[in-house]
Amino acid sequence: MNGTFFHDLTITDADFHQLAAFMKENYGIDLSKKRQLITSRLSNALKERGYSDFRSFLKHLFATKDPDDLELVLNKLTTNYTFFMREKDHFTYFSEQILPELAEKHKRDRVLSIWSAGCSSGEEPYTLSICLKEFFGAQADQWDTRVLATDISQQAMAKAQAGVYSLPADMPQAWIARYFTKGSTPGQYVVSPKIRDNVIFRTFNLMDPIRFRLKFDVIFCRNVMIYFNQETRDSLVNRFCNAMLPKGYLFISHSESLNQNPLFQTVAPSVYRKK
């Protein structure tokens, strides 16, 4: 039996540096110390596509910018790992501290603008949408609380828009009853239309200028900046600040930090407010 299929392809120094530079320039993703990750995650996929080395694949990728190839690289080299209620204290803070304040602030226009940036497979924006429905209750239809959910990965977007999930054990039973229906596969649940219709999905690269119609009250960008170097993070945080309303809120993950960013003050663990 031939075992060569199980060996990772090798990548030359020049090809590694070229790929790392391409990913940083176009997507902000810092792979400068991730050579082993690149070879281990991409090798089998490249072999399945008929490539015997990285060079021929990268030559094709850089020449054509083929969307399927770009999608392959993005999906293999970033981790679309998320789940409902991730870092649950954030949703508690959002529901108990921020929503009462925003409801008062926007009682005339009744429009809240919330962005889930780097939403992956959709659990975060759907959780936010549930929190909004829970908070506004019978009044929910009188408010525009649509959540903008963006990600760079088409594959993640497709899963998010399908809205079919296995739910975690700590998901409140009342939420499951109100906001999900049972899927065709045992253990699978489908997000209800009233929650799904409250989320607007868009493919968006966080390296691009942020030019959405509204300024945001709240931006969630959790477990995204772990892929960026400090310079790229600082630039993105500045653009988030410019895209926010005065005193808007930014949520990042507990494994990330803004350091001493002069634009924001810390109000809770990994929760920041625009100064």
Side-chain angles (χ1 to χ4, degrees), residues 82-151 156-168 170-184 188-204 210-222 243-251 271 273-274:
T82 185
F83 48 90
F84 281 98
M85 314 291 288
R86 188 177 193 179
E87 298 182 340
K88 191 194 287 188
D89 55 322
H90 278 167
F91 297 110
T92 304
Y93 190 85
F94 174 72
S95 297
E96 294 179 0
Q97 305 295 325
I98 295 178
L99 283 182
E101 178 193 312
L102 292 182
E104 178 61 27
K105 180 179 175 182
H106 289 287
K107 64 185 176 188
R108 288 195 175 82
D109 62 25
R110 297 197 168 195
V111 176
L112 301 189
S113 45
I114 296 159
W115 180 13
S116 170
C119 69
S120 188
S121 46
E123 288 91 333
E124 178 180 273
Y126 285 137
T127 306
L128 289 170
S129 186
I130 290 171
C131 291
L132 288 159
K133 288 282 187 252
E134 287 286 298
F135 178 80
F136 286 106
Q139 251 80 64
D141 293 345
Q142 297 165 30
W143 285 74
D144 180 354
T145 60
R146 285 173 299 177
V147 178
L148 175 67
T150 68
D151 200 274
M157 286 272 98
K159 183 172 181 353
Q161 287 173 295
V164 180
Y165 302 99
S166 300
L167 298 178
D170 62 350
M171 178 71 101
Q173 287 301 313
W175 284 19
I176 297 173
R178 278 200 282 276
Y179 304 119
F180 295 87
T181 55
K182 286 191 173 170
S184 53
Q188 297 269 289
Y189 290 85
V190 183
V191 178
S192 72
K194 63 185 168 187
I195 295 302
R196 189 198 308 245
D197 294 348
N198 200 51
V199 180
I200 301 165
F201 288 103
R202 294 271 183 279
T203 308
F204 182 73
I210 299 170
R211 296 198 183 108
F212 296 113
R213 188 171 59 85
L214 295 175
K215 298 266 189 187
F216 294 98
D217 293 292
V218 183
I219 297 175
F220 274 71
C221 185
R222 304 186 305 165
M244 287 175 142
L245 289 165
K247 297 188 175 178
Y249 290 92
L250 174 63
F251 286 76
V271 184
R273 189 169 204 185
K274 180 176 172 176

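Here the structure is a predicted model, which is why all the values come from computation and not from measurement.
A donor-acceptor pair under 3.5 Å links the side-chain atoms of His106 to the main chain of Val111, judged by distance alone. At distances below 3.5 Å, at least one donor-acceptor pair connects side-chain atoms of Asp151 with backbone N or O atoms of Ser120. Ser129 places no side-chain N or O within donor-acceptor distance of the main-chain N or O of Pro125, the cut-off being under 3.5 Å. Side-chain atoms of Arg202 never come within 3.5 Å of backbone atoms of Ala149 as a donor-acceptor pair (strictly under, hydrogens ignored).
Legend: residues meeting salt bridge (charged side-chain N to carboxylate O under 4.0 Å, His left out) with Lys88, ordered by chain and number and at least two apart, are Asp170. Annotation: side-chain hydrogen bond (donor to acceptor under 3.5 Å, both in side chains) contacts of Arg146 (sequence neighbours excluded): Asp144. Looking at residues two or more places apart in sequence or on another chain, you find no salt bridge (charged side-chain N to carboxylate O under 4.0 Å, His left out) involving Asp197. Legend: residues meeting salt bridge (charged side-chain N to carboxylate O under 4.0 Å, His left out) with Arg178, ordered by chain and number and at least two apart, are Glu134. With sequence neighbours excluded, no residue satisfies side chain to side chain contact (heavy atoms under 4.5 Å, CB included) with Ala158. Arg273 is linked by a salt bridge (charged side-chain N to carboxylate O under 4.0 Å, His left out) to Glu101, counting only residues two or more places apart in sequence or in another chain.
Atom NZ of Lys182 has 12 or fewer neighbouring heavy atoms from other residues, nucleotides or ligands inside a 6.0 Å radius.
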Given the rule in the ring pair (Phe, Tyr, Trp, His ring centres under 6.0 Å) test, do Tyr179 and Tyr165 qualify, once you have shown the distances and angles that lead to the verdict?
-> CA-CA 12 Å; Tyr179 304 119; Tyr165 302 99; over 10 Å; no

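Taking all atoms of both residues into account, the shortest heavy-atom contact from Leu245 to Lys105 is CB-NZ, 4.3 Å. Summarising the geometry of Ala103 relative to Phe136, their closest heavy-atom pair is CB-CE2, 4.1 Å, with the distance given to 0.1 Å.
Two rings, from Phe94 and Phe135, have their centers 6.0 Å or more apart. If you look at Trp175 and Phe180, their ring centroids are not closer than 6.0 Å.
With no hydrogens or angles considered, a side-chain donor-acceptor pair links Asp217 and Ser113 at under 3.5 Å.
Classified by interplanar angle (parallel below 30°, tilted 30° to 60°, perpendicular above 60°), the ring pair Phe220/Phe91 is parallel.
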